[in-house]
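In what follows, every heavy atom counts, from backbone to side chain, and hydrogens, waters and symmetry copies are set aside. Computed from a prediction, not measured in an experiment: that's the story for all the values here.
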Amino acid sequence: EDEITLIEKDMKEFWVQFKISYSTEQINQTSALRDLCKETIEALSEKWSKKLKEEDLMIDKIQEYNNEIFQQSKYIAEKEEQLTEIKSKLNQEEEEQKNLTDSIQELKEELRKKMEIKSSKSEAAKEKVERVSKVKTLFKERLGLEMRRIHDEQLQFIFRHIDHKDPDKPYMFTLSINEQGDYEVTSCTPPLDCIAELQLKLRETNNFSAFVANIRKAFTALSYK
């Protein structure tokens, strides 16, 4: 019985020592595992914290880039709008310039036509004056006619040797060229009833010599009345 009791006692001590030994080992392993987990968690935390900071910096950088791109886009849009306005003004100025050029060309063409008409009338008037001048000497010598240039580019015709009672008595008329380039009698002394008819015939035939001769005949006929 004592041996059994001793064996039981030994068994209990063995179990006690075994439990103590096992528990200590377990505690040590658990503590080591806990320390490892703690270190791992701290390492991961530090790593992720650093990564998060890098990502935050990256986000800030991206936001900064986005803001810069937005500002650049806004600036480009403003410049494009300004460019559009400038193009519109240039187109308007080009249109105005074209209209002005067309107007100037029209005025030039109108002025050219007026100058041609004026030149034509001036040339016709010049020819008529030259025609009158050519017969001046002939009329003076044969018909006792004297011609004078008076005011407003008019010609005065003075006949003498018409009245046989008073050969020096003057019979006269004044002739001009009007704006239409036609001959026009502006005065006649003494008056002749047929002067309008003779003027019309001169315009129709342009025969100046016959016109002067007919007026002399009319003055001669009047001197006998």
Peer 1: Hey, could you give me the NZ/NZ distance between Lys53 and Lys50, rounded to the nearest 0.5 Å?
Peer 2: 10.0 Å

Peer 1: Using the side chain to side chain contact (heavy atoms under 4.5 Å, CB included) rule, take Ile215 and Leu198 through it: C-alpha gap first, then chi angles, then the decisive distance, then the call.
Peer 2: CA-CA 8 Å; Ile215 288 185; Leu198 294 175; 3.7 Å; yes

Peer 1: Could you give the distance from CZ (Arg203) to CD (Glu184), rounded to the nearest 0.5 Å?
Peer 2: 6.0 Å

Peer 1: Roughly how far, to the nearest 0.5 Å, is OG1 of Thr186 from CG of Leu175?
Peer 2: 7.5 Å

Peer 1: Looking at side-chain heavy atoms only, is the closest gap between Ile59 and Leu57 below 4.5 Å?
Peer 2: no

Peer 1: Output the distance between atom CD (Gln199) and atom SG (Cys188), rounded to the nearest 0.5 Å.
Peer 2: 10.5 Å

Peer 1: Counting only heavy atoms not in Glu54, do more than 12 sit closer than 6.0 Å to its CD atom?
Peer 2: yes

Peer 1: For side chain to side chain contact (heavy atoms under 4.5 Å, CB included), just list the numbers for Ile177 and Asp182, CA-CA rounded to whole Å, side-chain angles, deciding distance to a tenth of an Å, and then say yes or no.
Peer 2: CA-CA 5 Å; Ile177 298 175; Asp182 296 326; over 6 Å; no

Peer 1: Give the cluster check for Ile162 versus Leu222: same hydrophobic cluster or not, with ILVMFWY residues linked at side-chain heavy-atom distances below 4.5 Å.
Peer 2: yes

Peer 1: List the atom of Arg160, the atom of Pro170, and the distance in Å for their closest heavy-atom pair.
Peer 2: NH1-CB, 3.9 Å

Peer 1: Atom CE of Met147 and atom CE of Met172: how far apart are they, to the nearest 0.5 Å?
Peer 2: 14.5 Å

Peer 1: Roughly how far, to the nearest 0.5 Å, is the CG atom of Asp163 from the NE2 atom of His161?
Peer 2: 12.0 Å

Peer 1: Does Arg148 use its side chain to pair, donor to acceptor, with the backbone of Gln156 at less than 3.5 Å?
Peer 2: no

Peer 1: Just checking Glu46: does its CD atom have more than 12 heavy atoms from other residues, nucleotides or ligands closer to it than 6.0 angstrom?
Peer 2: no

Peer 1: Are Asn206 and Tyr183 close enough that some pair of their side-chain heavy atoms sits under 4.5 Å apart?
Peer 2: yes

Peer 1: Specify whether Phe219 and Tyr171 have parallel, tilted or perpendicular ring planes, treating 30° as the upper limit for parallel and 60° as the lower limit for perpendicular.
Peer 2: tilted

Peer 1: Do Asn207 and Leu202 have side chains that get closer than 4.5 Å, going by heavy atoms?
Peer 2: no

Peer 1: Checking side chain to side chain contact (heavy atoms under 4.5 Å, CB included) for the pair Phe159/Thr220: CA distance, chi angles, key distance, verdict?
Peer 2: CA-CA 10 Å; Phe159 293 96; Thr220 300; over 6 Å; no

Peer 1: Using the side chain to side chain contact (heavy atoms under 4.5 Å, CB included) rule, take Leu145 and Val212 through it: C-alpha gap first, then chi angles, then the decisive distance, then the call.
Peer 2: CA-CA 10 Å; Leu145 174 63; Val212 174; 3.8 Å; yes

Peer 1: Just checking, is any N or O donor in the side chain of Ser176 or Glu153 under 3.5 Å from an acceptor N or O on the other one?
Peer 2: no

Peer 1: Take atom CG in Asp56; do more than 12 heavy atoms of anything else shown fall under 6.0 Å from it?
Peer 2: yes

Peer 1: Measure the acute angle between the ring planes of Phe157 and Phe208, then classify it against the limits of 30° and 60° as parallel, tilted or perpendicular.
Peer 2: tilted

Peer 1: Can you tell whether the side chains of Arg112 and Glu110 come within less than 4.0 Å, N to carboxylate O?
Peer 2: no

Peer 1: If we only count heavy atoms from C-beta on, is the Lys87 to Thr84 side-chain gap below 4.5 Å?
Peer 2: no

Peer 1: Keeping Ser73 on the side-chain end and Ile69 on the backbone end, is there a donor-acceptor pair under 3.5 Å?
Peer 2: yes

